[in-house]
Amino acid sequence: MQKAPFITSYLTEHTADDAFATLAGYRAHGGYEAARRALTQMSPEQVVELLKDAGLQGRGGAGFSTGMKWSFMPKDSDKPKYLVCNADESEPGSFKDRLLLERAPHQMLEGILIGAFATGADKTFVYVRGEYAHPANVLQRALDECYAAGIFGANCLGTDLRHDVVVTRGAGAYICGEETGLLESLEGKKGQPRKKPPFPAQFGAFGMPTTVNNVETFSHVPHVVAKGADWFRGFGTEKSPGTTIFGVSGHVKRPGLYELPLGTRLDEIVFEHAGGPPDGRKVKGVIPGGMSMPILPASQLDVPMANEFLRERKTMLGTGGVMVMHDATCMVRVGCIITYFFRDESCGQCTQCREGTGWLHKIMQRIERGAGSPADLDLLLDVASKMEGQTICAFADAAAWPVQGLLRHFREDFEEHVKQGKCPFPESFEL
Amino acid sequence: MPKITVDGASYEVAEGRTILQALDDQGVLMNGVDIPHYCWHPKLSIDGSCRLCQVEIEGIPKLQIACNTPVRDGMVIHTRNERVEKAREGVMELLLINHPLDCPICDKAGECKLQDYAFEYGVPHARTREPRRAGKKRVDLGPTIVFDQERCILCRRCVRFCREVPGTGELSVFSRGDQSVIETFPGEPLDNDYSMNVADICPVGALTTKDFRFKIRVWFLEDVPGICTGCAKGCNVHLGVANNRVYRYVPRRNDAVNGTWICDEGRLSYARIGADDRIAGHEVRQPDGRALPVSIDVALEEAAERLRGVIDRKGAGAVGILASPHATNEDLFVARRLLEALGSSQAGVAVRTGRSDALLIQPEKAANAEGCRRLGFGPAEALLERARGGAVAALLVLGHDALATQGPELLETLRGLDVVLLADSHRSELERVAQVVFATRVVAEKHGTLTNHAGRVQRVVPAVEPSFDAHAEGEIMWRLGRALGLPGFDGAWDLQAVSKALAETVPAFAGIDLASVPPDGVPRADR
């Protein structure tokens, strides 16, 4: 595992240092001072306002305003309120949260403590992806240190704030990264997203008001509180402030993590930082934000990596998982892999998703085998359109969008398969 | 009260309801306002997963599911435009891509919502080329239900039913995505007092009851509204009738009684209607004990003759009636008038009791025990005690429930009487001690009203005609009264007139005559 991104900024400045994962090492860099300031010198409303001013957006994929989300927590509820830290990081192509959990657990915990103060939450559940055994252990050790030092518990940092943090482990389903699927799983049930309304802020974990934030989102919070909204807005674009950690994978010379300001151009990430494709190959397409985001062709890599620009190209930042494919890549095979994943991971509740993901996969396989017909291309788009925007959660969208993206930009790959009656690309592997 | 507009029509609806609930409250859902749905059921929690009930709401960009969207004042809803129709088509097509399309051999065909909605809202052709998903066929889920995995559309009504209604939770969805299947847990079959309701609420042919499957095509059945007579609850049912035979009971919705459910025992009680042990004709017992089949007129003559003898010897006050809690209010009213005409107060009723629960099953195992009480029939014990003491010399016994409550001792008591007349529908030991046996009709074979445990008066109509000569207890007693020349028992048997008299003379039934009882009954809390 990479100990620090190839390019670091405030989030990952010290992650190369093993000591940074310990309380002493974190405190050596001013750790928990932001939380102390929030808890002793600010009101919860001021913290929320500060985050709104800073414009911090959730880094889990949807990009919703964190300050706004925190403000939705009911103020006059007589029920316990919960925070949930989504550490399920399950989006293929995304591996940034793992670094933050393993190398900077206290940074995230400090963000949680500030969030607890701002939202009045009684308890935080950190839901860690099942496969992340080591990160969960590191986090638990850090949490134990916090309890021993009085950072969490009955009197957080010596104040009268009471807050407890519980680390729970998932069992390895993609859908448990969806916030309400996560809540179901957290409660010990099958991981299936909940219909809304009610929304988690009213009826969340165990039926209590709940706010769910991503690992990276919490990790930004201490920096915003310590250095202010203006400082934070010094990174990134006007609409998308701050940095994020891009996870670059696929056909590049230097795959790995890069902490860069939002708005950094995709071609800069792919070519300058990650070194572009090896063996003198050219880039064919890049998925900009994890597998559920539509792909961009090589001709459109001049886009700044922020939602306001990516949306114009009919894609999104997602979790910042940049997946690069070189010019020998069969885009139909990519479609097979993507649709297989979503077919396998659909929770199976909603008709469109349960049946549509399987159908998309079958049609993709048919085309890849060389048994496709010209009508199958439009059939793919038609099935995708019937899945999009009609289900309980965004999973069906996530399954439909990549298919639409592939056909939008690489239709000729599909047509060639149909015309030749076989896959025109040399590489082959069992699908 | 929020006001909503659906396809141009306005409705004032209750606060806090979702669109489907509000339309269901109004009685217009699928009855004027057609919003097809699979997972939603009025008596189960909202699931929101089939996605078929999507509608367009002005001001909301995406289509919304009507089952889970709360109504707001001023909401303008469209259920019929092109966008909504396209979405429905999409859901129907996706539900059908893996469906086996085995309607010709599917027992649900004819009452299948997948068939109905595919016809109404679907696309008429298939675009799939791959083989359909294979699944297990004829899965034995428990003593009552067989499951076909391939036909299941995973609406999860059955899963929610088991969790929420009987609270037994036998069913669950296992696996995920397009591998999802409904199953039971190993060694824990679907076995509860209400299990067969899952076949009713299954919108497709996935869940069928072992009792009914393959007996008859449902389109040959006529649904006759009726009442289950298994206990005092009086659950509303439809009797599925063809060829003058009742093939099944299915629940008929009545939110004031049974909602949309019935218990398995009640459901299977239809079999008593056409049972082999029906008393299939009137009989007179010979002195040697042999039963002589006779016409109703001969039986009445014989009965009247014997009663006259008792009246002459011991007075009319020695004639008693042991009533049946299975008889209708009208039957019982005639019994009461017969006693009044005789000047006798010898009346009682025996009600068999058994297991009960908090949901539907009542301890009294008869449909009209409450009606008996309201018409003045007290416990059988007192009557039989007087009989043993010699105060009763002739007893007209309706039904044989007393055998269950009094045991064989009853036979001894009856043997000690001068005259025992029996009017019953099913064979029992009582025939051996009766001099005259009248074949009676069961509830499914007659007009009348029944009073359930809570005092609700409900109407029954004949669903089938017995294949032998049988009459309602009321008619038999009326004709007996006439044969005895009792005052007020002149003219032909006229149920309407009896019903009218009941409504006019018994305060507990004031204003309730046959013609005025609506399909969902009339509540009467007071006794």
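To find a chain, count down the sequence lines: A is the first, B the second, and so on, and within it residues start at 1.
Chain A forms the most heavy-atom pairs under 4.5 Å with one residue out of B/Pro70, B/Gly177, B/Ala87, B/Gly90, and that residue is B/Gly177. Between chain A and the residues B/Val173, B/Ile65, B/Ile97, B/Ile153, the most heavy-atom pairs under 4.5 angstrom are made by B/Ile97.
The 12-atom threshold is exceeded at CE of B/Met30, counting heavy atoms of other residues, nucleotides or ligands nearer than 6.0 Å.
For B/Leu154, the parts lying under 4.5 angstrom from a heavy atom of chain A are both the backbone and the side chain. Residue A/Ala375 does not touch chain B at all, counting heavy-atom pairs closer than 4.5 Å.
How far CG of B/Leu52 is from SG of A/Cys350: 12.5 Å, rounded to the nearest 0.5 Å.
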I'd like a table of all donor-acceptor pairs linking chain A to chain B (distance under 3.5 Å, no angle check), giving the atom names and the distance to one decimal.
from	atom 1	to	atom 2	distance (Å)
A/Lys190	NZ	B/Val173	O	3.0
A/Lys190	NZ	B/Ser175	O	2.5
A/Gln192	OE1	B/Arg156	NH1	2.8
A/Lys195	NZ	B/Ile46	O	3.2
A/Pro197	O	B/Asn68	ND2	3.0
A/Arg343	NE	B/Asp178	OD2	2.8
A/Arg343	NH2	B/Asp178	OD2	3.1
A/Asp344	O	B/Arg176	NE	2.9
A/Glu345	OE1	B/Arg176	NH2	3.2
A/Glu345	OE2	B/Arg176	NH2	3.4
A/Ser346	O	B/Gly177	N	2.7
A/Cys347	O	B/Gly177	N	3.4
A/Gln349	OE1	B/Arg156	NH2	2.8
A/Thr351	N	B/Ser49	O	3.2
A/Thr351	OG1	B/Cys50	O	2.9
A/Arg354	NH2	B/Ile153	O	3.0
A/Glu355	OE1	B/Asn98	ND2	2.8
A/Glu355	OE1	B/Arg133	NH1	3.4
A/Glu355	OE2	B/Arg133	NH2	3.2
A/Lys362	NZ	B/Pro131	O	3.3
A/Arg366	NE	B/Glu130	OE2	2.7
A/Arg366	NH2	B/Glu130	OE1	2.6
A/Arg366	NH2	B/Glu130	OE2	3.3
A/Ala371	O	B/Arg129	NH2	2.9
A/Asp382	OD2	B/Arg127	NH1	3.1
A/Asp382	OD2	B/Arg127	NH2	2.5
A/Lys386	NZ	B/Glu93	OE1	3.0
A/Gln390	O	B/Arg51	NE	2.7
A/Gln390	O	B/Arg51	NH2	3.3
A/Gln390	OE1	B/Gln54	NE2	2.8
A/Thr391	O	B/Arg51	NH2	3.4

